Amino acid sequence: MIEPQDKVVVGLSGGKDSLCLTFILSLLQKYSHLKFELAALTIHPGWEVDNRPLFEFCRQLDIPLWEERTEIAQIVFQARKEKNPCALCSKLRRGALVKRAQRQGFHKLALGHHGDDAVETLLLNSTLGGRLSSFSPVIVYPDSGITVIRPLIYLREKTIVSLSKRENLPVQASPCSLDKKTKRQDMKVLLEEMEKAVPGCTAHLITALKSQWLQG
Ligand SMILES: Nc1ncnc2c1ncn2[C@@H]1O[C@H](COP(=O)(O)OP(=O)(O)OP(=O)(O)O)[C@@H](O)[C@H]1O
């Protein structure tokens, strides 16, 4: 996913996943043979958010953090009054990430999705959308010149939780009023129920996705 001389910017939300990703990539940059540029970018959605802990975190890691101010909250909740706002919010956020990455001259955008996220997306797409698909570890967008990478895709969420606790990462509570009330949260609950009935099924679903990714 990362090659010598790459310019990689991490989408940093302040949640445990992207904090772990930023932390891991900064270690990779400092202690491996791989020479690449690393920065972080946080999208300010336009509601009350205090990003000072993120600036301090990045300062300690010695990587630049850029903040992109947007009006996503206003667009999604007031102007459009979306009934199902998550899709639009995520689309606008991705657009803001890509534009700012381009402006900074960075061509790889790293996101904090992990294996459990990939399975939840598979369940979302298949049970609600009728599509047997999830996201991919690497997606090249030729028009924008940006490649999206998901370096944590082979990690389980429980590993990320324990790393974020062990390293005392400054995890921020989600500012979204719909946090834990989304369709994705329903899939999380469904997956927990499936695990009770078929222990280990999440790991098997990740293996199934891996073989698809390796073919594709
Ligand atoms: N406000 C934001 N600014 C920058 N990047 C973001 C932002 N929100 C999400 N991202 C990026 O998109 C990824 C997936 O976002 P999602 O909303 O699904 O968060 P998540 O699975 O709860 O992850 P996290 O724990 O990092 O918030 C995040 O891991 C992060 O890399």
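What you see is a predicted model, and the numbers here were worked out from it, not measured in a lab. Atoms within each ligand, like the ligands themselves, are counted from 1 in listed order. For the numbers below, each heavy atom of this structure counts, side chains included, while hydrogens, waters and symmetry mates do not.
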[X] side chain to [Y] backbone, donor-acceptor under 3.5 Å:
X      : Y      : value
Glu67  : Leu65  : no
Ser162 : Thr159 : yes
Glu195 : Cys201 : yes
Thr42  : Leu12  : yes
Gln102 : Ser144 : yes

Nearest to [atom] by heavy atom, [options]: which?
atom                    : options                      : answer
atom 18 (O) of ligand 1 : Arg100, His113, Lys16        : His113
atom 8 (N) of ligand 1  : Arg184, Arg93, Glu120, His44 : Arg93
atom 28 (C) of ligand 1 : Gly112, Pro45, Ala110        : Gly112

Please state which protein non-hydrogen atom is closest to [atom] and give its distance, to 0.1 Å?
atom                    : answer
atom 31 (O) of ligand 1 : Gly11 O, 2.6 Å
atom 21 (O) of ligand 1 : Asp17 OD2, 3.2 Å
atom 10 (N) of ligand 1 : Ser13 CB, 4.0 Å
atom 12 (O) of ligand 1 : Leu111 CD2, 3.8 Å

Within-cut-off N or O pair, Ile43 and ligand 1, under 3.5 Å = yes

May I ask you to check whether Leu97 has an N/O atom sitting below 3.5 Å from an N/O atom of ligand 1?
-> no

Report, in ascending order of atom number, the atoms of ligand 1 lying under 4.0 Å from any heavy atom of Thr42.
-> 3 (N), 4 (C)

If you count the atoms of ligand 1 from 1 in the order shown, which ones are under 4.0 Å from a heavy atom of Leu41?
-> 4 (C)

Just distance, no hydrogens or angles: give the donor-acceptor pairs under 3.5 Å from side chains in residues 206-216, sequence neighbours left out.
residue, atom, partner, partner atom, Å
Thr207, OG1, Ala203, O, 2.9
Ser211, OG, Ala208, O, 2.9
Trp213, NE1, Phe135, O, 3.2

Using a heavy-atom cut-off of under 4.0 Å, does the side chain or the backbone of Leu12 touch ligand 1, or both, or neither?
-> backbone

Return yes when atom CZ of Arg103 has more than 12 non-hydrogen atoms of other residues, nucleotides or ligands closer than 6.0 Å, and no otherwise.
-> yes

From Leu19 atom CG to Leu54 atom CG, the distance as rounded to the nearest 0.5 Å | 6.5 Å

